[in-house]
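Notes to accompany the following structure.
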Amino acid sequence: RKSPSLWKILSDTGKRVIVVNVPFTFPPEKVNGLLISGLDTPSTESNFTYPPSLYEEIKRALGEYVIMAQYKQSKGLQGYASAIFHMIENRAATVKYLLNNYSWDFFMVVFSATDIAQHTFWKYTYNKNSGKGTWEDRTINIPGRGRGNILSAFLDTIHGAFNSIGGYAFTLMVHPDNPDAVFIGG
């Protein structure tokens, strides 16, 4: 990094920070608070948290932490979809645990599920009426229908889940594929 991160600047001024799953934060830097590295983390076998003891604490309290759902370890599209939902639940449980057990002045979390899912599922729909349930290629039907509804439902779920915990002045959510879609609330 050519310049200090926002959380490092805040940390260096005495603010207590918690950073979860921000891409390209591996190896985790020393902060006045907690950091769980994100996208470039090789595995849970590496030191991907600051302090290093944080991973063992999370593991004892919640079970294995999921850095990223892996398609190669899943059984087809349905298995991967299940792995992504498990990752969302795991990340949300971790965030709730940290919010409820640590004091903080700045908290940042990245939920990457919509991003990683679209790389695989952008052209498929799930047909549960086909007997066992099948994934069908619907590339021809793509003119944008329903995409906003999925994103909105995801953001409403995540924001609603943490809004009730309180303790923050505002929430900022940016949709990476649309720079005009910035959600601010509090």
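Numbering starts at 1 and runs along the sequence shown. Keep in mind that this is a model prediction, so the values were computed, not measured. These numbers come from the heavy atoms of this one structure, side chains and all, not from hydrogens, waters or symmetry mates.
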Next item on the list: Could you go through the side chain to side chain contact (heavy atoms under 4.5 Å, CB included) check for Glu64 and Tyr55 one step at a time?
Entry: CA-CA 9 Å; Glu64 191 67 41; Tyr55 170 57; 2.4 Å; yes

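- In this structure, Thr41 and Ser46 have side chains that are in contact, with non-hydrogen atoms separated by less than 4.5 Å.
- Atom CG of Leu54 and atom OH of Tyr65 lie 9.5 Å apart (nearest 0.5 Å).
- The side-chain contact (heavy atoms from CB on, under 4.5 Å) test with Trp7 singles out one residue from Val22, Asn32, Asp12, and that residue is Val22.
- Under a hydrophobic-cluster definition in which Ile, Leu, Val, Met, Phe, Trp and Tyr are linked whenever side-chain heavy atoms come within less than 4.5 Å, directly or via other members, Phe26 and Leu39 are assigned to the same cluster.
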Margin query: Is there a side chain to side chain contact (heavy atoms under 4.5 Å, CB included) between Trp104 and Leu99? Walk through the geometry before answering.
Written below: CA-CA 8 Å; Trp104 51 275; Leu99 286 170; 3.4 Å; yes

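- Counting only distance, with no hydrogens or angles, the side chain of Arg91 and the backbone of Ile67 share a donor-acceptor pair below 3.5 Å.
- Looking at Thr49, its side chain does come within 3.5 Å of a backbone N or O of Pro51 through a donor-acceptor pair.
- Ser37 contributes a side-chain N or O that, together with a main-chain N or O of Phe48, makes up a donor-acceptor pair within less than 3.5 Å.
- Side-chain N or O atoms of Lys8 include one that pairs as donor or acceptor with a backbone N or O of Lys30 at under 3.5 Å.
- If you chain together hydrophobic residues whose side chains sit under 4.5 Å apart, Leu98 and Phe111 fall into the same group.
- The OG1 atom of Thr13 sits 8.5 Å away from atom CG of Asp105, with the distance rounded to the nearest 0.5 Å.
- Met108 contributes atom CE, which lies 10.0 Å from atom CG of Leu35 (distance to the nearest 0.5 angstrom).
- A distance-only check finds a donor-acceptor pair linking the side chain of Asn101 to the backbone of Tyr97 [under 3.5 Å].
- Considering CE of Met87 and CZ of Phe85, their distance stands at 10.5 Å, rounded to 0.5 Å.
- The hydrophobic cluster containing Val19 also contains Val110, counting ILVMFWY residues as joined when their side-chain heavy atoms lie under 4.5 angstrom apart, directly or transitively.
- Among all heavy-atom pairs drawn from Ser5 and Glu29, the shortest one is OG-OE2, 3.1 Å.
- Put simply, Leu10 and Ile18 are part of two different groups of oily side chains (I, L, V, M, F, W, Y) that touch within less than 4.5 Å, one to the next.
- By the salt bridge (Lys or Arg N to Asp or Glu O under 4.0 Å) test, Asp40 pairs with no residue at all, sequence neighbours left out.
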Next item on the list: Take Asn21 and Thr94 through the side chain to side chain contact (heavy atoms under 4.5 Å, CB included) test and state the conclusion after the steps.
Entry: CA-CA 11 Å; Asn21 198 49; Thr94 301; over 6 Å; no

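- Cluster annotation: Phe106 is not connected to Val20 through the hydrophobic network of ILVMFWY side chains, with a link wherever side-chain heavy atoms come within less than 4.5 Å.
- Shown here are the salt bridge (Lys or Arg N to Asp or Glu O under 4.0 Å) partners of Glu45, two or more places apart in sequence or in another chain: there are none.
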